[in-house]
Enquirer: 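This is the structure, below, for whatever I ask next.
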Amino acid sequence: MSLLLAMSGWHIEDWRARFQALLPEMPIVTLGEPFDRRAVHYVASWKHPPGSLTGLPNLAAIFSLGAGVDFLFADDKLPEAPIARVVDPDLTTRMSEYVVLHCLMYLRQQHRYMRQQPAKLWEDDRDQPAARALRVGIMGLGELGLDAARKLKAIGFDVAGWSRSPKSVEGLATFCGEDGMRAFLARTDILVSLLPLTQETRGIINADLLDSLAQDGRLGPFLINAGRGGLQVEADILAALDAGTLKGATLDVFETEPLPSDSPLWSHPLVTVTPHNAAMSEPEAIASLIAQQIRRMEAGEPLQHVVDPARGY
Ligand code: NDP
Ligand code: OXD
């Protein structure tokens, strides 16, 4: 029985060493070497080459090495096996740090002072709203969205959330589905996207959505997307910024990653770019979570954090 590591862009030998230390009894194999396909019971993947997981007749589970699983469903030859993803308190905390940081940057108009400093400009804004005056709307009230919502609320922001199914969360205005979307956007000064990329959510951050954001707030509207690049239509974001209907965008994820050097997003004065690192977990923590999952399965216990292929997340 073996664990197959299938990843691109990461140091696979480091991962092999991590898993080998945690699962000393289990052979750890990689796509780049000959291995017995019938012996593979588990796969740990991050952006494996599509089609490379076929012909594994004894596969019991596929583990995403991240929280997102969209790259798995993008493989139309993905074998049928339960898929589990990373849910890690450390990753969740890091994402909330990112969201809180960038909401505060907008609340305290820090981008403006950063533009002023090279010109030695001593100008303050006479309108310094309190956090309670800014309405934050979080799209995606899952592991990440809920934690960020609670932390923003603790700072004082007026927070609402939008999800697929109805939710009731103390202290939070909640909206759901297409029916709830317009009302949610109409009360949003800072839109935070923490949605998974699915067939339903692809391209959701488009001109229509951006046009529906509040235009009556003390500041904004602003966009923060740390979900997936496929959620956003970058041309529409740029058009809204240039038209003045969107006042700033902080993007951690992009239609194409790494962000191509000729993308106008790099140099737009109202755009903040981060290199898809809003929430990076310690690799040791991820390997340890997956090793625990494998031990659970070997002990006949159910897999945790299983995704639903029909929903795509
Ligand atoms: P969860 O699965 O826990 O939560 C997803 C949320 O999105 C749920 O609230 C779900 O609604 C909602 N949702 C899904 N589809 C729709 C839809 N069509 N309409 C409305 N709401 C919808 O995911 P996580 O919170 O753990 O992670 C979210 C995403 O964050 C990941 O999929 C990944 O893409 C991204 N991510 C980015 C990182 C980065 O560094 N930039 C790091 C880690 C993750 P419901 O509650 O009703 O099911
Ligand atoms: C993830 C990510 O999905 O880092 O974990 O994007």
Side-chain angles (χ1 to χ4, degrees), residues 7 9-10 44-47 63-74 83-99 101-102 137-151 160-169 172 174-185 188 191-206 209 223-232 250-255 257-259 272-283 285-287 289-290 304-313:
M7 54 185 80
W10 286 5
S45 166
W46 184 252
K47 300 185 182 169
F63 299 101
S64 166
L65 286 159
V69 289
D70 45 292
F71 69 93
L72 290 171
F73 293 121
I83 298 172
R85 69 191 190 97
V86 169
V87 174
D88 173 29
D90 179 53
L91 183 148
T92 303
T93 300
R94 288 167 193 235
M95 181 59 86
S96 292
E97 288 167 1
Y98 183 89
V99 171
L101 167 69
H102 290 286
I138 303 186
M139 296 173 89
L141 275 185
E143 295 288 338
L144 303 183
L146 263 183
D147 191 69
R150 292 197 173 108
K151 287 172 181 161
W162 181 74
S163 52
R164 207 170 70 109
S165 55
K167 298 229 179 314
S168 164
V169 185
L172 212 68
T174 54
F175 301 81
C176 75
E178 261 188 60
D179 292 349
M181 196 180 190
R182 294 287 147 198
F184 165 75
L185 295 172
T188 295
L191 180 67
V192 177
S193 156
L194 288 173
L195 286 169
L197 179 62
T198 67
Q199 282 180 3
E200 279 181 29
T201 61
R202 182 172 291 281
I204 194 169
I205 305 172
N206 56 25
L209 175 144
L223 166 68
I224 299 171
N225 183 16
R228 279 290 181 266
L231 300 169
Q232 72 202 13
T250 295
L251 307 174
D252 185 55
V253 287
F254 301 90
E255 287 172 5
E257 295 182 9
L259 183 62
T272 300
V273 170
T274 55
H276 194 148
N277 66 352
M280 313 224 330
S281 278
E282 298 293 343
I286 297 176
L289 287 170
I290 292 173
Q304 295 177 319
H305 313 307
V306 177
V307 302
D308 176 355
R311 291 186 322 186
Y313 70 98

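One-based numbering, in listed order, for ligands and for the atoms of each.
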Enquirer: So, Thr274 and Tyr98: side-chain donor and acceptor under 3.5 Å apart, yes or no?
Expert: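 There is such a pair (donor and acceptor under 3.5 Å, judged by atom type) between the side chains of Thr274 and Tyr98.
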Enquirer: Quick one: table the atom pairs, ligand 2 N or O against protein N or O, below 3.5 Å, distance rounded to 0.1 Å.
Expert:
{"from": "ligand 2", "atom 1": "3 (O)", "to": "Ala67", "atom 2": "N", "distance (Å)": "3.3"}
{"from": "ligand 2", "atom 1": "3 (O)", "to": "Gly68", "atom 2": "N", "distance (Å)": "2.8"}
{"from": "ligand 2", "atom 1": "3 (O)", "to": "Arg228", "atom 2": "NH2", "distance (Å)": "2.7"}
{"from": "ligand 2", "atom 1": "5 (O)", "to": "Ala67", "atom 2": "N", "distance (Å)": "2.7"}
{"from": "ligand 2", "atom 1": "6 (O)", "to": "Arg228", "atom 2": "NH1", "distance (Å)": "2.9"}
{"from": "ligand 2", "atom 1": "6 (O)", "to": "Arg228", "atom 2": "NH2", "distance (Å)": "3.3"}
{"from": "ligand 2", "atom 1": "6 (O)", "to": "His276", "atom 2": "NE2", "distance (Å)": "2.7"}

Enquirer: What I'd like to find out is whether the side chain of Gln232 reaches to under 4.5 Å of the side chain of Asn206, using heavy atoms alone.
Expert: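 No, every pair of side-chain atoms sits at 4.5 Å or beyond.
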Enquirer: Could you tell me whether Arg228 and Glu257 have a side-chain N and a carboxylate O separated by less than 4.0 Å?
Expert: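 Here Arg228 does not pair with Glu257 in a salt bridge, since their nearest N and O are not under 4.0 Å apart.
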Enquirer: Does Ser45 form a side-chain contact (heavy atoms from CB on, under 4.5 Å) with Phe71? I'd like the steps, not just the answer.
Expert: CA-CA 9 Å; Ser45 166; Phe71 69 93; 3.3 Å; yes
Enquirer: Between Phe63 and Ile286, is a side-chain contact (heavy atoms from CB on, under 4.5 Å) present by the stated rule, with each step listed?
Expert: CA-CA 10 Å; Phe63 299 101; Ile286 297 176; over 6 Å; no
Enquirer: For ligand 1, list the protein residues that place a heavy atom within a distance below 4.0 Å of one of its atoms, sorted by chain and number.
Expert: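 Residues near ligand 1: Ala67, Gly68, Arg85, Leu91, Met95, Gly140, Leu141, Gly142, Glu143, Leu144, Trp162, Ser163, Arg164, Ser165, Lys167, Leu194, Leu195, Pro196, Glu200, Thr201, Ala226, Gly227, Arg228, Asp252, Val253, His276, Ala278, Ala279, Arg311, Tyr313.
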Enquirer: Are side-chain N/O atoms of Thr92 and Asp147 paired as donor and acceptor at under 3.5 Å?
Expert: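 No, Asp147 and Thr92 have no side-chain donor paired with an acceptor closer than 3.5 Å.
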Enquirer: Between Thr272 and Leu251, is any pair of side-chain heavy atoms under 4.5 Å apart?
Expert: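 A side-chain contact is absent here, since even the closest heavy-atom pair is not under 4.5 Å.
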Enquirer: Applying side-chain contact (heavy atoms from CB on, under 4.5 Å), run through Glu200 and Arg311 and close with a yes or a no.
Expert: CA-CA 9 Å; Glu200 279 181 29; Arg311 291 186 322 186; over 6 Å; no
Enquirer: Under 4.5 Å between any side-chain heavy atoms of Met181 and Met139, yes or no?
Expert: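 In contact.
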